Amino acid sequence: MSRLKLMYFSWVRERIGRAEEEIEVPAEVATVADLVRWLKGRGEEYAHAFESEGIVRAAVDRVHARPDAPIAQAREVAFFPPMTGG
Amino acid sequence: MSRLKLMYFSWVRERIGRAEEEIEVPAEVATVADLVRWLKGRGEEYAHAFESEGIVRAAVDRVHARPDAPIAQAREVAFFPPMTGG
Amino acid sequence: MKPLTETKPRIAIQREDFSIAAEVEALLRGRHDLGAVVTFTGLCRDEGGRLEALELEHYPGMAEAEIARVAAEASARWSLAGVTVIHRYGEIRPGENIVLVVTAAEHRRAAFEAAEFLMDFLKTRAPFWKRERLSGGAFGEWVAAKEEDDTAAARWCKG
Amino acid sequence: MKPLTETKPRIAIQREDFSIAAEVEALLRGRHDLGAVVTFTGLCRDEGGRLEALELEHYPGMAEAEIARVAAEASARWSLAGVTVIHRYGEIRPGENIVLVVTAAEHRRAAFEAAEFLMDFLKTRAPFWKRERLSGGAFGEWVAAKEEDDTAAARWCKG
């Protein structure tokens with residue numbers, strides 16, 4: 001098990017119902033994609049946030065990350081929709 | 001014969017030795033290129049200003065003009081090197 | 001030719017408005033070797049009167065870091081004397097500023113291209129999300145990302 | 001969508017300096033339908049200390065008319081809300097402004113492209129000539145036109 005800070009933004013935050021949380025993640029959750037799968041099993045709100053495959057983006061320790069990015073060393077993982085700044 | 005205002009800028013002005021002049025141009029001087037040829041016959045200073053073929057640009061009544069542009073209706077013809085503004 | 005001295009990029013994520021003049025002046029101060037400064041200002045449109053305001057959410061910490069990465073990429077591609085990026089968050093009303101990019105260089109092509117590059121990548125990489133507040137006060141939709149922004153960013157990646 | 005209302009281009013040929021902030025403000029005043037403003041400022045470089053000043057000569061009357069033609073061409077090609085071009089003449093020292101172009105539009109691509117287009121065509125079409133005054137006070141050469149400026153202008157002419 002490793003302790004991870006999760007952060008959510010925009011409608012991902014609204015669907016999950018909180019802006020951030022600290023959770024214990026089982027060691028077999030190795031990548032961003034694993035984490036999304038594992039979160040979807042934790043409850044309706046997560047299933048709703050991640051329902052459309054490939055829409056939600058992730059950052060690992062504040063750097064954009066692909067689904068296959070490892071999270072073993074990560075302290076902070078964030079999920080959000082495509083950016084609309086600028 | 002028709003009366004024409006000629007204007008010179010940058011090193012064309014310096015070579016000819018004046019910024020502008022009013023001259024009577026014979027009727028057979030029909031185009032910008034004719035005018036250049038005719039001016040070159042008027043004296044050293046003109047020959048010097050127009051010595052490199054195709055370098056000096058012209059404007060007829062304040063609009064860029066090619067060598068074959070007619071000058072029969074023109075009131076003001078200007079000669080100058082390629083522009084270096086901006 | 002001496003290579004251009006590049007000052008550290010100035011990156012600010014702030015609620016407050018910015019001053020184009022002050023930012024340009026700061027980049028130029030004490031320098032006589034620059035021939036070109038480009039500024040881009042992005043503003044909030046009222047979308048034909050439909051919009052009362054935009055609410056801009058961002059990811060603190062990552063926003064600065066990601067813009068710094070994009071600025072470093074611009075400095076690697078073009079010979080620049082300086083880059084400034086300011087991005088606002090919070091409530092922004094029609095006619096108000098959202099984002100400012102300033103680039104200074106010896107020649108205009110570098111300043112123009114770097115400014116366009118920065119904007120294209122800010123749009124697709126900087127962690128900001130816009131939500132509409134409609135006339136009357138009701139919250140509207142989160143603004144959807146535009147495919148044309150991805151296309152604009154992709155044109156800088158060749159080979 | 002309503003088509004964008006375009007204000008008459010503001011074109012000024014003047015000895016005095018200009019204010020970027022004042023010109024941007026004038027273009028934006030009272031408007032809530034604009035998303036993008038680009039400014040380009042061209043400055044006098046000291047060329048590694050070699051240059052004391054530039055003397056800019058122009059063709060009064062034609063300078064305004066030619067810039068107006070270039071601005072009209074930009075307005076025909078892009079959807080613009082406004083265009084401002086200010087070009088200085090006379091003595092200009094290193095670090096001082098020479099030219100300002102401001103474009104305002106709904107979207108950034110139009111504002112960027114129109115500003116680049118205006119600069120490329122100002123360089124090759126506006127009747128201005130620069131002469132160098134060297135450190136020590138002696139007059140140097142008239143600045144030669146650059147082939148790269150012709151190339152830059154030519155890329156807008158396709159077909």
Side-chain angles (χ1 to χ4, degrees), chain C residues 1-2 4 19-25 27-49 51-52 81 93-109 111-113 115-120 122-123 146 148-149 151-152 155, chain D residues 1-2 4 19-25 27-49 51-52 81 93-109 111-113 115-120 122-123 146 148-149 151-152 155:
Chain C
M1 289 285 281
K2 271 187 305 185
L4 211 58
S19 152
I20 302 177
E23 299 302 332
V24 168
E25 209 177 284
L27 270 188
L28 293 176
R29 196 167 295 142
R31 299 196 66 149
H32 290 163
D33 56 346
L34 305 180
V37 178
V38 169
T39 75
F40 174 86
T41 310
L43 300 115
C44 176
R45 290 186 305 266
D46 68 359
E47 306 295 353
L51 208 72
E52 186 172 284
R93 290 174 172 270
E96 290 185 3
N97 296 323
I98 299 173
V99 62
L100 175 69
V101 164
V102 189
T103 55
E106 263 184 290
H107 299 289
R108 71 185 186 286
R109 190 68 57 224
F112 269 122
E113 287 189 0
E116 271 206 88
F117 172 90
L118 285 162
M119 278 310 303
D120 285 350
L122 282 186
K123 285 260 175 193
K146 288 190 201 136
E148 71 190 56
D149 287 330
T151 312
R155 77 197 164 106
Chain D
M1 289 286 281
K2 269 187 306 186
L4 212 56
S19 153
I20 302 177
E23 298 303 330
V24 168
E25 207 176 286
L27 270 189
L28 293 176
R29 195 167 296 143
R31 298 195 67 148
H32 290 163
D33 55 346
L34 306 180
V37 178
V38 169
T39 75
F40 174 86
T41 310
L43 300 115
C44 176
R45 289 186 304 266
D46 67 1
E47 306 294 354
L51 206 74
E52 186 173 286
R93 291 174 170 270
E96 290 185 3
N97 295 323
I98 299 174
V99 62
L100 175 69
V101 164
V102 189
T103 54
E106 264 183 290
H107 300 288
R108 73 184 183 287
R109 190 67 58 223
F112 269 121
E113 289 189 358
E116 272 207 86
F117 172 91
L118 284 162
M119 278 309 304
D120 286 349
L122 281 187
K123 285 262 175 192
K146 289 192 198 132
E148 69 190 59
D149 287 330
T151 312
R155 75 196 166 107

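This structure is a prediction, so every number in the text was calculated from the model and none was measured. Sequence lines set the chain letters: A, B, ... in the order given, protein chains first and strands last, and positions in each chain run from 1.
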*What are the two closest non-hydrogen atoms of D:Glu106 and C:Arg45, and how far apart are they?*
O-NH1, 2.8 Å
*Side chain from CB out, backbone as N, CA, C, O: work out which of these in C:Ala115 comes under 4.5 Å of a heavy atom of chain D, or both, or neither.*
both
*Is any residue of residues 94-105 of chain D within less than 4.5 Å of chain C by heavy atoms, and which ones?*
D:Pro94, D:Gly95
*Is there a side-chain contact between C:Arg108 and D:Lys123 (heavy atoms, below 4.5 Å)?*
yes
*Specify the closest pair of heavy atoms between D:Phe112 and C:Phe40, including all atoms of both residues, with the distance to one decimal.*
CE1-CD1, 3.5 Å
_Assess the residue pair D:Val24 and C:Ile20 against the criterion (side chain to side chain contact (heavy atoms under 4.5 Å, CB included)); give the C-alpha distance rounded to whole Å, side-chain angles, the decisive distance to 0.1 Å, and a yes or no._
CA-CA 9 Å; D:Val24 168; C:Ile20 302 177; 4.0 Å; yes
*Qualifying residues under salt bridge (Lys or Arg N to Asp or Glu O under 4.0 Å), relative to D:Glu113, sequence neighbours excluded*: none
*Among all residues two or more places apart in sequence or in another chain, which pass the side-chain hydrogen bond (donor to acceptor under 3.5 Å, both in side chains) test with D:Thr39?*
C:Thr39
Would you list the atom pairs, donor with acceptor, under 3.5 Å between side chains in residues 29-37 of chain D and any protein atom, with sequence neighbours excluded?
residue, atom, partner, partner atom, Å
D:Arg31, NE, D:Asp33, OD1, 3.1
D:Arg31, NH1, D:Thr5, O, 2.8
D:Arg31, NH2, D:Thr5, O, 2.9
D:Arg31, NH2, D:Asp33, OD2, 2.9

*asked:* With rounding to the nearest 0.5 angstrom, report the CD to CD distance, D:Glu116 to C:Glu116.
replied: 6.0 Å
_At a heavy-atom distance under 4.5 Å, which candidate from D:Leu51, D:Leu43, D:Leu28 has the highest pair count against chain C?_
D:Leu43
*Based on non-hydrogen pairs under 4.5 Å, which of D:Glu148, D:Arg109, D:Met119 is most in contact with chain C?*
D:Arg109
*Per-residue contact mode, C:Ala111 against chain D (heavy atom under 4.5 angstrom)*: neither
